[in-house]
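Below is one structure, written out as structure tokens; comments come after it.
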Amino acid sequence: MSTEEAAVSTVNNFLKNIIEEDLKNGKHGSVITRFPPEPNGYLHIGHAKSICINFGLARDFGGRCHLRFDDTNPAKEEQEYIDSIMESVKWLGFDWGTHLYYASDNFEQLYQWAVYLIEQGKAYVDDLTAEQIRAYRGTLTEAGTESPFRNRTVAENIDLFARMRSGEFPDGSHVLRAKIDMAAPNINLRDPVLYRILNAPHPHVGDAWKIYPMYDFAHGQTDAIEGITHSICTLEFESHKPLYEWFLDNLPIPVRPRQYEFARLNLTYTVMSKRKLQELVQKGTVSGWDDPRMPTLAGIRRRGYPAASVRTFCELIGVGRSDSWIDVAILEECVRSELNETAPRAMAVLRPVKLIVDNYPVGQVEEFSAANHPQKPEMGSRTLHFSREIWIERDDFMETPSKGFHRLTVGGEVKLRGGYIITCTGVVKDADGVIVELHGTYDPASRDGIHTADGRKVKGVIHWVAVDSAVSAEVRLFDRLFSDPNPDRGGADYSQFLNAASVEIVSDAQLEASLAHSTAETRFQFERLGYFYQDPTDSRQESLVFNRIVTLRDAWVTKK
RNA sequence: AGGGGCGUCGCCAAGCGGUAAGGCACCGGAUUUUGAUUCCGGCAUUCACAGGUUCGAUCCCUGUCGCCCCUGCCA
């Protein structure tokens with residue numbers, strides 16, 4: 001399981017207060033929560049919030065958290081999703097130990113409870129079509145009407161339900177419904193469907209069943225079976241709570257899990273619904289569920305976000321009940337602060353232009369030692385090569401500098417990070433006026449600081465890579481998938497807000513030699529550019545591919 | 001009057017009758033061989049609005065306004 005330690009949280013929220021109270025007054029001896037995904041898609045950052053809440057609460061109060069697949073609808077569920085979900089939860093740093101469960105493991109018990117309800121006269125088999133059931137349900141402001149099949153005898157219901165189970169009827173021909181109240185103001189209580197016929201193989205229980213319980217009939221009871229004390233879900237399930245409790249009240253179940261709801265995570269510049277994410281995948285807008293631009297945990301992981309930064313984010317945003325939109329910038333800030341501490345520094349030139357140091361001896365190579373982290377000597381150092389020709393960033397030179405620009409200009413000087421101070425002496429352009437190379441001279445006495453021989457202080461420091469030992473690589477510069485902060489807003493077609501520049505492939509970046517044999521899992525800070533991570537699926541020793549995780553903050557860009 | 005929920009700084013969010021925490025963002029300034037990091041300082045006389053109770057209300061009551069969820073044989 002994961003080796004990462006999720007730290008105990010110290011921030012307060014209403015769920016903690018409830019649990020603290022329940023523990024203090026003896027309502028519960030310990031806390032048991034659960035994370036109950038349906039395996040019908042990949043987990044996303046919104047699920048991370050739920051995972052952190054559920055596993056976090058269990059951790060903070062010395063209880064436990066179950067991983068439970070809410071697999072009651074085989075029409076949408078697949079083993080691929082089950083696998084990916086377990087992967088993602090583990091990656092996030094949480095451990096369910098031996099407590100892996102499937103709602104489908106309880107199908108026999110659930111069936112018996114359904115029979116019990118029938119025997120009590122509290123459930124009946126309905127022959128109405130789906131459309132008829134909808135029409136009979138009424139509207140938000142008008143009561144529904146009772147099904148003509150509502151008053152079948154217990155014996156008839158038992159018989160019909162057994163035959164539904166045995167596969168005697170086609171899909172959609174019958175359902176089992178609870179007999180509650182067709183006039184209930186809460187529509188969920190208007191004789192909700194308990195079971196439907198589905199002749200579909202199930203990823204976990206195979207073809208054992210022809211009928212499957214609905215979420216409402218499975219969730220609370222499964223919570224009870226597992227001994228869940230606090231069943232935490234998102235706000236949209238709040239109107240289901242009376243039903244959740246109705247089943248617990250009307251079935252011979254001794255324990256009482258309690259449902260609590262919190263506001264789901266909304267993040268700016270992305271979409272979060274499984275349907276939309278699936279659409280992005282199916283339409284080929286992104287390369288897959290794990291496309292590094294996706295808000296899925298698989299995508300975030302592939303992009304290079306450290307799991308710890310996602311946990312920090314979930315901790316930081318808190319838990320409440322009001323609809324909220326969190327700015328992705330906060331997530332990005334969590335990533336930066338984690339990586340600033342942990343990422344070794346290196347140099348890479350994304351858009352190289354050659355700088356020839358005319359007064360440096362042809363063929364000479366020097367080796368400089370450079371710290372892997374400016375504030376952490378314990379992270380060691382690596383060797384940099386310097387020679388007559390070096391690559392520098394095209395953006396770090398301006399022929400006619402804008403106000404405040406303090407990098408290279410003709411006649412100006414700049415410090416090469418970890419190297420010499422360089423003075424630019426000339427520009428060579430091709431017929432189209434495009435700069436093909438720069439010329440300059442170096443000051444041999446300037447290795448140790450940013451002060452020139454005559455005591456002046458050089459303002460600009462730029463990154464560079466020696467041409468001879470440089471390693472060429474592909475670098476993928478990812479940006480936000482959408483250009484609008486709320487691509488979902490107003491039911492508009494979110495695809496119109498896709499950011500056309502959400503990925504830029506730089507095919508010939510030049511990296512410092514030390515990166516050639518770097519560990520694939522290491523996240524680097526390419527100085528002055530951002531944090532980068534070898535793409536886990538496409539990068540090869542002989543053809544490196546780096547993903548940009550996130551840029552560095554840039555006060556210069558912000559100011560401009 | 002269908003039912004349920006929510007409204008505290010630009011974005012989140014503590015607070016639970018005793019006189020507005022914190023984070024992010026933003027604005028200053030210092031340090032810095034990353035225009036990074038770090039560090040200091042600033043940033044709600046006010047808690048959707050209007051009444052009421054109280055010595056005292058963001059917290060209690062009433063009303064108004066705004067937003068979200070619910071009419072799947074999805075979860």
Side-chain angles (χ1 to χ4, degrees), chain A residues 11-13 17 36-38 40 70-73 75-77 126 128-131 133-135 137-144 171-177 184-190 192-198 211-212 214-216 218-219 233-242 261 263 268 274-275 315-327 329-330 333-334 336-337 340-341 345 347 370-371 373-375 404-407 415-419 421 446-451 457-463 525-530 551-559:
Chain A
V11 185
N12 264 359
N13 65 54
N17 297 341
E38 182 190 15
N40 67 343
D70 219 339
D71 53 353
T72 57
N73 184 5
K76 295 185 173 176
E77 298 155 7
D126 198 346
L128 254 27
T129 65
E131 301 72 54
I133 287 179
R134 190 183 320 126
R137 185 149 35 222
T139 69
L140 293 178
T141 53
E142 299 162 304
D171 288 9
S173 57
H174 304 270
V175 291
L176 183 72
R177 292 230 254 170
N186 180 341
I187 291 182
N188 294 120
L189 263 14
R190 319 240 262 230
V193 172
L194 268 32
Y195 270 90
R196 76 287 213 185
I197 300 171
L198 234 40
I211 55 173
Y212 292 93
M214 299 288 287
Y215 162 85
D216 286 311
H219 205 92
C233 61
T234 46
L235 247 22
E236 66 268 30
F237 290 99
E238 188 159 35
S239 59
H240 291 250
K241 183 145 76 178
E261 313 84 15
T268 57
K274 276 187 191 173
R275 198 204 94 226
E315 189 64 39
L316 204 65
I317 60 176
V319 184
R321 288 175 61 88
S322 55
D323 293 320
S324 60
W325 279 89
I326 309 291
D327 193 332
I330 292 179
E333 209 34 51
C334 290
R336 287 190 188 101
S337 73
N340 178 50
E341 296 294 318
R345 319 280 126 131
M347 289 199 284
H373 190 117
Q375 282 84 230
F405 181 81
H406 50 243
R407 280 112 85 182
K415 172 75 179 182
L416 295 181
R417 171 122 251 241
I421 290 175
S446 64
R447 269 272 287 127
D448 290 333
I450 54 169
H451 291 276
K457 195 171 169 184
V458 175
K459 269 193 129 176
V461 178
I462 64 171
H463 54 97
Q525 182 194 106
F526 289 172
E527 294 203 67
R528 302 210 308 129
L529 296 175
T551 61
L552 252 34
R553 286 178 58 179
D554 190 343
W556 172 241
V557 170
T558 311
K559 195 171 290 181

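Labels below follow one simple rule: chain letters A, B, ... track the order of the sequence lines, proteins then strands, and each chain is numbered from 1.
Nucleic acid contact for A:Gly404: base, since at least one base atom lies under 4.0 Å from a heavy atom of the residue. Counting any heavy atom pair closer than 4.0 Å across all strands shown, A:Asp126 reaches no nucleic acid atom. Using a 4.0 Å heavy-atom criterion, one finds that A:Leu189 contacts no nucleic acid atom at all. No engagement by A:Ser337 is indicated, since no non-hydrogen atom pair under 4.0 Å with the nucleic acid exists. A:Phe405 comes within 4.0 angstrom of a nucleotide base, judged by non-hydrogen atoms across all strands. Using a 4.0 Å heavy-atom distance criterion, A:Phe237 is classed as a base contact.
In RNA chain B, the stems built from three or more successive Watson-Crick or G-U pairs (distances below 3.5 Å) are B:2-7 with B:65-70, B:10-12 with B:22-24, B:26-30 with B:38-42, B:48-52 with B:60-64.
A salt bridge does not link A:Glu38 with A:Lys76: none of the charged nitrogens is closer than 4.0 Å to a carboxylate oxygen. A:Glu238 and A:Lys241 are not joined by a salt bridge, as no carboxylate oxygen comes within less than 4.0 angstrom of a charged side-chain nitrogen.
Summary of the strand contacts: A:Gly449 and A:Ala130 both lie near RNA chain B, and taking for each the nucleotide with the nearest heavy atom, the more 5' one is attributed to A:Gly449. With the nearest nucleotide of RNA chain B identified for both A:His240 and A:Asn188, A:Asn188 has the one nearer the 5' end.
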Contact string for nucleotides 10-19 of chain B, one letter per nucleotide 5' to 3', B = base within protein heavy-atom range under 4.0 Å, S = sugar-phosphate only, - = neither, reads -SSSSS----

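Side-chain proximity of A:Pro374 to B:rU34, B:rC73, B:rC70: nearest is B:rU34. For A:Val461, the side-chain atoms get nearest to B:rU33 when compared with the rest of B:rG3, B:rC73, B:rU33. With B:rG35, B:rC73, B:rG3 as the candidates, the nucleotide lying closest to the side chain of A:Arg528 is B:rG35. Residue A:Glu236 places its side chain closer to B:rA75 than to any other of B:rU71, B:rC74, B:rA75. Taking every side-chain heavy atom of A:Met214 into account, B:rA75 is the closest of B:rG4, B:rC24, B:rA75.
Counting distance only, with no hydrogens placed and no angle test, the side-chain atoms of A:Arg345 and the base atoms of B:rU34 include a donor-acceptor pair under 3.5 Å. For A:Glu142 against B:rU71, a side-chain-to-base donor-acceptor contact under 3.5 Å is absent.
The shortest distance between the side-chain N/O atoms of A:Arg196 and the OP1/OP2 oxygens of B:rA75 is below 4.0 Å. Between B:rG72 and A:Arg134, a contact under 4.0 Å exists linking OP1 or OP2 to a side-chain N or O. The phosphate of B:rG35 has neither OP1 nor OP2 within less than 4.0 Å of any side-chain N or O from A:Arg553.
B:rA30 sits 49 Å from B:rA50 when the C1' atoms are compared, rounded to a whole Å. Taking atom P on both B:rC27 and B:rU32, the two are 23 Å apart, rounded to the nearest angstrom. When the P atom is used for both B:rU8 and B:rG41, the distance is 28 Å, rounded to whole Å.
For the pair A:Leu416/A:Ile462, a side-chain contact is recorded, criterion being any heavy-atom separation below 4.5 Å from C-beta on.
Anti is the glycosidic conformation of B:rG23, whose angle departs from 0 by more than 90°.
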